[in-house]
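See structure below.
Keep in mind that this is a model prediction, so the values were computed, not measured. Just the heavy atoms: all of them, side chains too, but no hydrogens, waters or symmetry mates, feed the values below.
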Amino acid sequence: MGERAERGEPERDAAREERRRQFAAAAREERPDLALLCLLIGAEADPALDEAGIDAAQIELDRLAGLLPYAPAGSAAGRPGHSGPEVWARNLAALLGAREGFGGSPADYRRLESSLLHQVLRRRRGLPILLSVVWMEVARRAGAPVYGVALPGHFVIGLGDPRGRHVLADPFEGGRLLTDQDAAMIVAGASGAALSPGMLAPAGPLEVVQRILNNIRAWAQARPEHSAVQLWALELSLLLPSHPARLRHERAQLLVERGEFLAGAAELEEYARVLEPVQPAAATALRREAGAARARLN
């Protein structure tokens with residue numbers, strides 16, 4: 001039994017390294033595969049999600065897309081509520097919201113599964129951003145002009161031309177169409193700010209992935225017993241081509257909090273080396289922090 005366990009640990013480490021290699025490579029593609037990146041996040045949380053499970057999730061998205069009626073641009077032109085974007089939005093709501101039962105509730109914010117695409121596909125429940133990923137991936141496969149909209153505090157989708165004729169829909173509420181007033185109320189409720197045109201700009205795949213990882217980090221930060229989840233979410237964020245530099249500091253601090261003093265100190269010193277040319281005072285403070293971490297071993 002002990003020998004099998006010893007063999008199992010290196011195998012798990014190798015599998016994790018391979019998943020992360022795939023994640024980093026997928027994030028650097030010219031057109032990143034949003035569904036694949038989300039599923040690789042899921043595999044980090046659930047190592048049982050292997051290549052076959054990832055393929056099965058992609059096949060489920062394909063299946064759902066095959067059920068979506070096509071709504072060509074300009075369909076029923078001139079009839080209010082019957083333009084191409086609105087038809088796409090209503091068809092998506094009828095299929096994914098009403099027929100397939102995708103949606104969300106306040107209770108879903110308390111579950112890590114609500115941030116994992118394979119679990120959202122299984123449970124039909126999730127956070128706004130993961131439900132939006134389902135809407136976007138199904139719509140994209142079916143030929144719809146779809147994009148994500150990263151409103152403060154609540155992710156939604158847009159259909160149509162973001163600079164022209166378009167509609168917004170909220171997958172968290174089963175695909176309900178949103179008016180401009182609805183969007184303004186979402187923004188005001190989340191941030192107290194007024195809705196601005198920049199808030200309605202399309203969110204790219206890597207922006208979506210970073211926001212998902214931020215949600216996972218926030219979930220774990222509120223639950224210290226899940227610091228391992230916070231750590232892998234940070235480490236995946238650091239694999240993205242562009243990420244906030246402060247994440248390295250956060251990772252180092254988390255390692256120290258977890259009792260990994262040497263690893264945390266080494267990360268603090270490496271971050272100090274990077275900051276030295278532009279923020280020497282901050283680099284000095286980081287080196288002191290590293291020294292204090294090492295002192296905790298004595």
Between [X] (side chain only) and [Y] (backbone N and O only), is there a donor and an acceptor less than 3.5 Å apart?
X: R296; Y: A292; value: no
X: D108; Y: S105; value: yes
X: H226; Y: P224; value: no
X: H243; Y: L240; value: yes

Where [X] and [Y] come nearest, the two heavy atoms and their spacing:
X: L131; Y: G104; value: CD1-N, 3.8 Å
X: E113; Y: Q119; value: O-CB, 3.6 Å
X: L117; Y: A35; value: CD2-O, 3.8 Å
X: L68; Y: A142; value: CD2-CB, 3.7 Å
X: Q210; Y: S242; value: OE1-O, 4.3 Å
X: L177; Y: D182; value: O-OD2, 4.0 Å

Is there a path of hydrophobic side-chain contacts, each under 4.5 Å between heavy atoms of I, L, V, M, F, W or Y residues, that connects [X] with [Y]?
X: L96; Y: Y70; result: yes
X: W219; Y: I129; result: yes
X: L206; Y: L34; result: yes
X: I186; Y: V167; result: no
X: L37; Y: V229; result: yes

Subject >> side chain to side chain contact (heavy atoms under 4.5 Å, CB included) assessment of L262 paired with R294 >> reply: CA-CA 6 Å; L262 290 178; R294 283 197 170 88; 4.1 Å; yes

Answer yes when [X] and [Y] have at least one side-chain N-carboxylate O distance shorter than 4.0 Å, and no when they do not.
X: E270; Y: R273; result: yes
X: R21; Y: E18; result: yes
X: E86; Y: R165; result: yes
X: R16; Y: D13; result: yes
X: E235; Y: R20; result: yes

Original post:
Above 12 or not: heavy atoms from other molecules or residues under 6.0 Å from CZ of R63?
Top reply: yes

**OP:** For E225, look at atom CD and say whether over 12 heavy atoms of other residues, nucleotides or ligands are found less than 6.0 Å away.
**Re:**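 Yes, the 6.0 Å shell around CD holds more than 12 heavy atoms from other groups.
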
Original post:
Can you list the steps and then say if Q230 with R258 is a side chain to side chain contact (heavy atoms under 4.5 Å, CB included)?
Top reply: CA-CA 11 Å; Q230 184 183 353; R258 285 170 53 83; over 6 Å; no

To the nearest 0.5 Å, what is the distance between [atom1] ([X]) and [atom2] ([Y])?
X: L275; Y: T284; atom1: CG; atom2: OG1; result: 10.5 Å
X: L286; Y: R248; atom1: CG; atom2: CZ; result: 10.5 Å
X: L127; Y: F172; atom1: CG; atom2: CZ; result: 7.0 Å
X: L255; Y: S227; atom1: CG; atom2: OG; result: 9.5 Å
X: S191; Y: M199; atom1: OG; atom2: CE; result: 5.0 Å
X: N214; Y: E207; atom1: CG; atom2: CD; result: 10.5 Å

Subject >> Heavy-atom check, side chain of Q221 versus side chain of E250, under 4.5 Å >> reply: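 They are in contact (side-chain heavy atoms under 4.5 Å apart), so the answer is yes.
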
Original post:
Is there a side-chain contact between E137 and E60, using heavy atoms and a 4.5 Å cut-off?
Top reply: no

**OP:** Run the numbers on V138 and L67 for side chain to side chain contact (heavy atoms under 4.5 Å, CB included), then give the verdict.
**Re:** CA-CA 9 Å; V138 170; L67 299 174; over 6 Å; no

**OP:** Anything under 30° is parallel, anything over 60° is perpendicular, the rest tilted; go ahead and classify Y271 against H249.
**Re:**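 Correct class here is tilted.
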
Show me, pair by pair, the donor-acceptor contacts under 3.5 angstrom made by side chains of residues 45-59, not counting sequence neighbours?
unit_1 : atom_1 : unit_2 : atom_2 : d
D46    : OD1    : A48    : N      : 3.2
D46    : OD2    : H118   : NE2    : 3.3
D50    : OD1    : A52    : N      : 3.3
D50    : OD1    : G53    : N      : 2.9
Q58    : OE1    : R141   : NH2    : 2.6

With a cut-off of 3.5 Å and sequence neighbours excluded, list every side-chain donor-acceptor pair involving residues 146-159.
unit_1 : atom_1 : unit_2 : atom_2 : d
H154   : NE2    : D170   : OD1    : 3.0
H154   : NE2    : D170   : OD2    : 3.0

